[in-house]
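Below is one structure, written out as C-alpha coordinates; comments come after it.
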Amino acid sequence: MFLAASAIVFVVYFANVALGAFAGSAFLGDVGEMLVLFAASILFVVAILKKEAEREENGG
(Lines give C-alpha, C1' and ligand atoms only; values in the text may rest on other atoms or scores of the structure.)
Protein backbone atom coordinates (compact mmCIF):
# COMPACT_ATOMS: atom_id res chain seq x y z
CA MET A 1 0.00 0.00 0.00
CA PHE A 2 2.73 2.47 0.96
CA LEU A 3 4.79 1.51 -2.07
CA ALA A 4 1.86 2.18 -4.39
CA ALA A 5 1.18 5.50 -2.65
CA SER A 6 4.83 6.42 -3.08
CA ALA A 7 4.67 5.61 -6.78
CA ILE A 8 1.51 7.68 -7.24
CA VAL A 9 3.00 10.69 -5.45
CA PHE A 10 6.19 10.37 -7.50
CA VAL A 11 4.13 10.28 -10.71
CA VAL A 12 2.52 13.57 -9.62
CA TYR A 13 6.00 15.02 -9.09
CA PHE A 14 7.20 13.73 -12.46
CA ALA A 15 4.13 15.09 -14.24
CA ASN A 16 4.74 18.49 -12.70
CA VAL A 17 8.38 18.49 -13.80
CA ALA A 18 7.49 17.29 -17.31
CA LEU A 19 4.77 19.93 -17.71
CA GLY A 20 7.15 22.60 -16.49
CA ALA A 21 9.87 21.51 -18.90
CA PHE A 22 7.80 20.94 -22.02
CA ALA A 23 4.74 23.17 -21.66
CA GLY A 24 6.04 25.83 -19.31
CA SER A 25 3.02 25.46 -17.04
CA ALA A 26 3.94 23.55 -13.91
CA PHE A 27 1.07 23.30 -11.43
CA LEU A 28 3.31 23.21 -8.34
CA GLY A 29 5.83 25.80 -7.23
CA ASP A 30 9.26 25.09 -5.81
CA VAL A 31 8.00 24.46 -2.29
CA GLY A 32 5.16 22.28 -3.58
CA GLU A 33 7.61 20.20 -5.60
CA MET A 34 9.83 19.79 -2.56
CA LEU A 35 6.92 18.67 -0.39
CA VAL A 36 5.64 16.18 -2.97
CA LEU A 37 9.10 14.69 -3.45
CA PHE A 38 9.58 14.57 0.32
CA ALA A 39 6.24 12.77 0.73
CA ALA A 40 7.20 10.24 -1.96
CA SER A 41 10.51 9.61 -0.19
CA ILE A 42 8.88 9.16 3.22
CA LEU A 43 6.24 6.78 1.83
CA PHE A 44 8.96 4.77 0.09
CA VAL A 45 11.01 4.49 3.28
CA VAL A 46 7.93 3.39 5.26
CA ALA A 47 7.18 0.73 2.63
CA ILE A 48 10.73 -0.62 2.71
CA LEU A 49 10.84 -0.68 6.52
CA LYS A 50 7.51 -2.54 6.67
CA LYS A 51 8.75 -5.11 4.15
CA GLU A 52 11.96 -5.57 6.13
CA ALA A 53 10.03 -6.03 9.38
CA GLU A 54 7.77 -8.56 7.65
CA ARG A 55 10.77 -10.50 6.41
CA GLU A 56 12.40 -10.53 9.85
CA GLU A 57 9.13 -11.68 11.42
CA ASN A 58 8.93 -14.61 9.02
CA GLY A 59 12.46 -15.75 9.90
CA GLY A 60 14.08 -14.33 6.77
Establish whether [X] and [Y] are linked, either directly or via other cluster members, by ILVMFWY side-chain heavy-atom contacts under 4.5 Å.
X   : Y   : result
I8  : F2  : no
M34 : F44 : no
L35 : V11 : no

Show the nearest heavy-atom pair for residues S6 and L43, with the distance to one decimal.
CB-CB, 3.8 Å

Restricting to non-hydrogen atoms, name the atom on E33 and the atom on V17 that form the minimum distance, rounded to 0.1 Å.
OE2-CG2, 4.0 Å

Please confirm whether the backbone N or O of L37 pairs with a side-chain atom of S41, one donor and one acceptor, at under 3.5 Å?
yes

Donor-acceptor check, side chain of N16 to backbone of F27, threshold 3.5 angstrom: yes or no?
yes

Decide side-chain contact (heavy atoms from CB on, under 4.5 Å) for F10 and V36; before the verdict, give the C-alpha distance in whole Å, the side-chain angles of both, and the deciding distance to 0.1 Å.
CA-CA 7 Å; F10 185 75; V36 168; over 6 Å; no

Is it the case that more than 12 heavy atoms not belonging to L49 sit under 6.0 Å from its CG atom?
yes

